[in-house]
Amino acid sequence: MKLDAKIPEGPLAEKWSKHKFNLKLVNPSNKRKYTVIVVGTGLAGASAAASLAELGYNVKAFCFQDSPRRAHSIAAQGGINAAKNYQNDGDSVYRLFYDTVKGGDYRAREGNVYRLAEVSVNIIDQCVAQGVPFAREYGGLLDNRSFGGSQVSRTFYARGQTGQQLLLGAYSALNRQIHNGKVEMYTRHEMMDVVTVDGKAQGIITRDLVTGKIESHAGHAVLLCTGGYGNVFYLSTNAMGCNVTAAWKAHKRGAYFGNPCFTQIHPTCIPVSGDHQSKLTLMSESLRNDGRVWAPKTIELAQKLRKGEIKVTDLKEEDRDYFLERKYPAFGNLVPRDVASRNAKEAVDAGKGVGASGIAVFLDFADAIKRLGEDAVRAKYGNLFDMYYQITDENPYKQPMRIYPAVHYTMGGLWVDYNLQTTVPGLYCLGEANFSDHGANRLGASALMQGLADGYFVIPYTVGDYLATIGPKAVDTSHPAFAQTKKEVEDRISKLLSLKGTKTINEYHRELGLIMWEYCGMARTEEGLIKAKGLISALREDFWKNAIVSGINEEFNQNLEGAGRVADFLELGELMVDDALNRKESCGGHFRVESQTEEGEALRDDENFAYVAAWEYAGDNQPEVLHKEELVYENVKLTQRSYK
Amino acid sequence: MSGNMNLTLKVWRQKNESSKGQFVTYKAGDVSPDMSFLEMLDVVNEGLVKKGDEPIHFDHDCREGICGSCSLHINGRPHGPKHGVATCQLHMRSFEDGQTVVIEPWRASAFPIIKDLATNRSAFERIQRAGGYVSVNTGGVPDANEIAIPKVIADEAFSSATCIGCGACVAACKNASAMLFVSAKVSQLALLPQGQPERYRRVQAMVAQMDEEGFGSCTNTGACEAECPVGISLTNIARMNRDYFTAKLFKEDEV
Amino acid sequence: MSNFAQTFSSSLGKKLIMSLTGLFLCTFLIVHLVGNFQLFKDDNGQAFNSYAYLMTHFTPIKVVSYLLYTSIIVHALYALILTMGNRKARPVGYAVQAGNANSPWTSRNMGILGTILLIFIVIHMGDFWWKYHNAELPYAKYEISLDNPQDIKVSELPWDAKRLIHSDYVDTQAGKEIVVSKDLYKVVAKAFTTPWYVALYVLSMVALSFHLIHGFRSAFQTIGWDHKKYVPLIRFLGVWIFGVLIPLLFAAMPIFFLLKNY
Ligand SMILES: Cc1cc2nc3c(=O)[nH]c(=O)nc-3n(C[C@H](O)[C@H](O)[C@H](O)COP(=O)(O)OP(=O)(O)OC[C@H]3O[C@@H](n4cnc5c(N)ncnc54)[C@H](O)[C@@H]3O)c2cc1C
Ligand code: HEM
Ligand code: FES
């Protein structure tokens, strides 16, 4: 099958408007004859479900938490970008487009990114109309800040919890439609599989997480809005429940997986404190505006520090290596996420890590406190400092913070065309779950923007085109494909529950995470990746023999939920490794040690790798088939990034 | 890295909503003060699973204090002894070696127990569905800067909007009242200009649903405010009451 | 259900009733207290007995007093209804609940404090109000010199069903104002020299104090009268005036009588 991204012809700025005009419309009186299934009610899913219901479609929406408000989108802190140019500082749709393509290291589609920048302005209007309390200035108008090294202030924010406020907005729109009877909401339901009839997605199989009941749901189209899969690394800044199950099941039913190895590693997270660690906490990017990153100059000093023989405050200025400032005099501590992360890893790998575990570097505010005064620092970062203090019991006003990079976001995901349709007709993918518009690296404050753009402003048009094409013929679960898929789901659950070995699900997950982090994390080598592939497949085999899964299906069983998700991660992990192996260049968050400049920076290979890698599932234990979607750049010139 | 604390846990175990529950005592050994409370329970659960027992079930997700999933009543207090944090942000250094820790689920008839420490908080969902929104469709809305909102109002609305919907207010209240939660939701929209057109319908609808769910009434003890992990203030309750009485006694909107 | 029925059967409506009746009772406390000050006068109860008559026989005041009785009943009834509802909202309690960590004791014990008050009110009304209206009390006859109102001669008249509860006329020949009044003062004075009664009274005033330290402020919160600038004032009034001063002054009377007679 040839990949067709269906990017409309014509000048960049007119693509979306023209496309919208060309899309078929569903007759208003026919809309109520359609049912759309929306899996996932985070920003992408809630906004899609609400918008479709407003149009008149019947929507069935699902999430595994007990409320849509608890989706992982809730945790986003920093903000959401929009090309409003309210600050009169030279922002524009084109600039946001350009920054996003460049920030993604030229591995995203021009057409999609431009559309994203274009609708970004509508998102802010929509959210404000819903009552989202964005930060404001004394004059009563919206405030903006510059985020993630951007040269314009285009980030809208709501103190440190933009994600929660945006999600509450989308959730309220969703609630209104639930109240109106247009959306049927299924909370504590996990999608276990997609049902395809004649090659088209026509429903899903779910498990009621409280009763264990396996249910079939039919719809004219299925939208997957199930978020990212960063938890394949076990430790990440993602919520505990984030998983790949829905996307992975869709993949196995024919949806190609795009750029699975593209992972974003965030440089400023609170480091791991021990084996018990269950997740990592992000410290806002803004900290690097005033904090200086350093490690001890010598291994001996680092060792003494780790053993507690000396205190960090004992280290003299000449014993400290401010490595970012030293290597990147122009950008200093404000280099992009991937560069900052990689350098921290280098310091740690060189034995200069700090903290009891030795896996951390310092982020020091002593200078800022001296320069601005403690009160000014408190006013800017007080809540972050408190959070750090809370978790580590160390006072960052008195001693430097310890930070280390952590997995934060996955740019990869199900491959979708311009209409957000996967390679399975009728199956769509929105938000972080799709391979998205961020290329090989996502800019800060752009994920929220993309999720809402997809849900509010793209899918209502594009799914209509598909629905108009297939017609409002009633669908139900009587087709044998439903019974068949349901049986496969039940069999898999029985198989999981029959596992009565010796190792817990968590132990497998942690082990997988360590492999992924070590070999498919911040720096990837051919040798390491090949090794990882073997380790993962051995681990997977062991899982299906020696894991313990407790309890029964017909009850609330968190152990069983976890088992299913880890089993899917064990399959996904291998695909990520395959993808990383295939992509022999370095780009964005993907750093292949073999592909670097003389100064040790990421080296892209546009000649050979300016494509989206879309992987096709070819059967259990079969190598996946690679399809390439060539990326065509008509508007921006590809350049090598440099921050020296 | 192992820790140096040993604790005795008394945990409420209950198979499902209809069965009878009881306290079961567990030993948590080798607890590190750097662990979060939930990580301590993870370790206990690992041990239980290995022994072939069922792990202790509890809701959790973000583990950053924002999603509102975690909901444990620890030694007599929702989210435990530390002020202003959710259970997932509580660290073991807030406890002492040798301490006995009693862990119970939220207790309220409106929050039936699903299993062990996990409760069904869908009552909160239904309250919000009853009216916790501004009725605008996607598209066709005015420019975001069309209406200036005084910063004090915007900030106040934001403070109300920080509610994470965990239910600690209900859990803390001796009457299992949901007033703090509902009033925070009502307040956010009542303060903002966007919420005005439906202001008096909304408050009536949400209060009616709150009553239907079987929450207790408010005696203004302030326990909710004191235990709220994000510091939602009692002012919200006064504001909601004011709007409710105004709506019922002086406005013509009826629901 | 009509809009009003719906309003007052809602949890907030019931609370509104609690709060309005509670505040009404608070205003009554002031009136009652002012009247009771007559007890401190060294006139053998003349002013007090006149006051008692005024309170029970002046029509507008009578209307208000029936409102007051209704308020007490409604307040207590709704307290009961709400408390029962609150119990139902948490059928299974906590094994450990650290109430003191998050709320003041008074706020959690309004029901108990109120019950003490109710018991007190019943005894109090039985002793004074009931007796005044129905018991065969003797009369006090005050002869007040018109030249010197300080000069009052008092004598006791026996119970007589035909006698007016209170009469007041001026005997110009004798140069005296003659006031004949059912002698509630004596009843009060007697009660207030009975130690167990004084103890009950003082205890009830402690309960009143606690009830109002929380209740006064709470009533405003319930109605929705909450304002950054005025809450401190309400808090002050609630704690110092209604919570401390008023109960203290009430308690001072029986103590005053008790001490006077020792
Ligand atoms: C700590 C942190 C901070 C961040 N900060 C920012 C920021 O400042 N700015 C920014 O732009 N981005 C930020 N991001 C990224 C951004 O928050 C996410 O990418 C985005 O919110 C994802 O939204 P979503 O709707 O795609 O998925 P999610 O919000 O993750 O929602 C997924 C939904 O799918 C459901 N689901 C998943 N699997 C299943 C299944 N099998 N069956 C049924 N339902 C399922 C879930 O219940 C949930 O409802 C941050 C991310 C993290 C981790
Ligand atoms: C008859 C005996 C009384 C009983 C049983 C009683 C009981 C109660 C109870 C249980 C409450 C809390 C109810 C709630 O907030 O939901 C309450 C509140 C209150 N009571 Fe009483 N009380 C009694 C007498 C009084 C008296 C004599 C006064 C005043 C002089 C008074 C004033 C108040 C006030 C102001 C409140 C606060 C109302 C509110 O929070 O909305 N009560 N009472
Ligand atoms: S787990 Fe999300 S708030 Fe605690």
Side-chain angles (χ1 to χ4, degrees), chain A residues 50-51 54 65-67 69-70 72 74-75 84 86 122 124-126 128-131 133 136-142 158-159 161 164-165 168 172-173 175-176 178-179 187 210 239-241 273-279 281 356 390-391 393 456-457 460 504 506 548 550-551 555-556 558-559, chain B residues 1 16 32 34-35 38-39 42-43 46 49-50 52-55 57 59-64 66-69 85 89 91 93 114-115 118 120-122 124-125 128-130 132-139 141-145 148-151 154 157-158 161-162 165 188-189 192 194-195:
Chain A
S51 302
E54 285 161 11
Q65 290 94 346
D66 66 340
S67 162
R69 69 142 278 126
R70 306 204 202 285
H72 177 54
I74 205 88
K84 280 281 195 188
Y86 280 159
N122 304 343
I124 303 303
D125 299 343
Q126 190 63 36
V128 168
Q130 290 166 343
R136 285 177 186 268
E137 317 230 32
Y138 278 103
L141 300 183
L142 293 163
R159 239 172 273 173
Q161 45 172 270
Q164 158 151 274
Q165 297 312 324
L168 289 177
S172 72
N175 276 336
R176 174 169 159 246
I178 297 172
H179 183 73
T187 59
V210 176
M240 302 298 286
S273 74
D275 293 340
H276 53 76
Q277 190 96 22
S278 59
K279 77 152 273 168
T281 303
Q390 191 79 256
I391 292 175
D393 205 26
Y456 283 133
F457 298 111
T504 65
N506 237 340
I548 326 172
S550 64
E555 62 174 355
F556 186 34
Q558 292 176 322
N559 203 234
Chain B
M1 217 182 351
N16 52 41
S32 149
D34 288 334
M35 281 179 176
L38 298 185
E39 284 167 349
D42 289 344
V43 173
E46 290 278 291
V49 171
K50 284 209 164 160
D53 287 344
E54 279 228 33
H57 279 61
D59 277 322
H60 64 102
D61 198 20
C62 73
R63 298 208 175 182
E64 288 191 13
I66 192 76
C67 74
S69 297
V85 296
Q89 297 165 294
H91 283 75
R93 67 182 80 93
I114 291 176
K115 184 170 183 171
N120 178 349
R121 286 169 285 180
S122 52
F124 273 12
E125 299 297 296
Q128 293 178 92
R129 286 170 196 168
Y133 42 75
V134 176
S135 297
V136 289
N137 285 351
T138 302
V141 297
D143 184 88
N145 258 350
I149 304 176
K151 188 167 162 59
F158 176 85
T162 54
Q188 178 196 344
L189 297 177
L192 294 171
Q194 288 80 8

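Predicted model only: the values in this text are computed from it and were never measured. Letters go in sequence order (proteins before strands), and every chain restarts at 1.
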Between chain B and each of [options], count heavy-atom pairs under 4.5 Å; write down the option with the most.
{"options": "R69(A), K279(A), K84(A)", "answer": "R69(A)"}
{"options": "D66(A), N559(A), T187(A), I74(A)", "answer": "I74(A)"}
{"options": "A129(A), S550(A), A50(A), P460(A)", "answer": "A129(A)"}

**Study point:** Positive for side-chain hydrogen bond (donor to acceptor under 3.5 Å, both in side chains) with D61(B), one of H72(A), Q65(A), R70(A)
**Key:** Q65(A)
Heavy-atom pairs under 4.5 Å with chain A - which of [options] has more of them than the others?
{"options": "V141(B), V43(B), I149(B)", "value": "I149(B)"}
{"options": "Q194(B), R129(B), E54(B)", "value": "R129(B)"}
{"options": "D53(B), L192(B), N145(B)", "value": "N145(B)"}
{"options": "A118(B), C62(B), G195(B)", "value": "C62(B)"}
{"options": "P55(B), S135(B), G132(B), G165(B)", "value": "S135(B)"}

Heavy-atom distance under 4.5 Å to chain A: side chain of [X], backbone, both or neither?
{"X": "S69(B)", "value": "both"}
{"X": "L189(B)", "value": "side chain"}
{"X": "H57(B)", "value": "both"}
{"X": "Q188(B)", "value": "side chain"}

From [atom1] ([X]) to [atom2] ([Y]), nearest 0.5 Å:
{"X": "E64(B)", "Y": "I391(A)", "atom1": "CD", "atom2": "CD1", "value": "7.5 Å"}
{"X": "D143(B)", "Y": "Y86(A)", "atom1": "CG", "atom2": "OH", "value": "3.5 Å"}
{"X": "L38(B)", "Y": "M240(A)", "atom1": "CG", "atom2": "CE", "value": "8.5 Å"}
{"X": "T281(A)", "Y": "R63(B)", "atom1": "OG1", "atom2": "CZ", "value": "10.5 Å"}
{"X": "S278(A)", "Y": "H60(B)", "atom1": "OG", "atom2": "NE2", "value": "8.5 Å"}

Check your understanding: Looking only at heavy atoms, which two atoms of K115(B) and F556(A) are closest? And how far apart?
Key -> NZ-O, 2.8 Å
Review point. What is the minimum heavy-atom distance between T162(B) and Q164(A), and which atoms define it?
Key: O-NE2, 3.0 Å
If I measure from the heavy atoms of chain B, does [X] come under 4.5 Å with its side chain, its backbone, both, or neither?
{"X": "Q126(A)", "answer": "both"}
{"X": "I124(A)", "answer": "both"}
{"X": "L141(A)", "answer": "both"}
{"X": "Q130(A)", "answer": "both"}
{"X": "Q165(A)", "answer": "side chain"}

Review point. Side-chain contact, heavy-atom cut-off 4.5 Å: E555(A) with N16(B)?
Key: no
Review point. Does V136(B) reach the side chain of R176(A), with side-chain heavy atoms less than 4.5 Å apart?
Key: no
Review point. Is any side-chain N of the basic residue among D393(A) and R93(B) closer than 4.0 Å to the acidic one's carboxylate O?
Key: yes
Review point. Between H276(A) and D42(B), is a side-chain contact (heavy atoms from CB on, under 4.5 Å) present by the stated rule, with each step listed?
Key: CA-CA 8 Å; H276(A) 53 76; D42(B) 289 344; over 6 Å; no
Exercise for review: Could you check D34(B) against Q277(A) for side-chain contact (heavy atoms from CB on, under 4.5 Å), going step by step and ending with a plain yes or no?
Suggested key: CA-CA 9 Å; D34(B) 288 334; Q277(A) 190 96 22; over 6 Å; no
Review point. If you measure only the distance, is there a donor-acceptor pair under 3.5 Å linking the side chains of E54(A) and T138(B)?
Key: yes
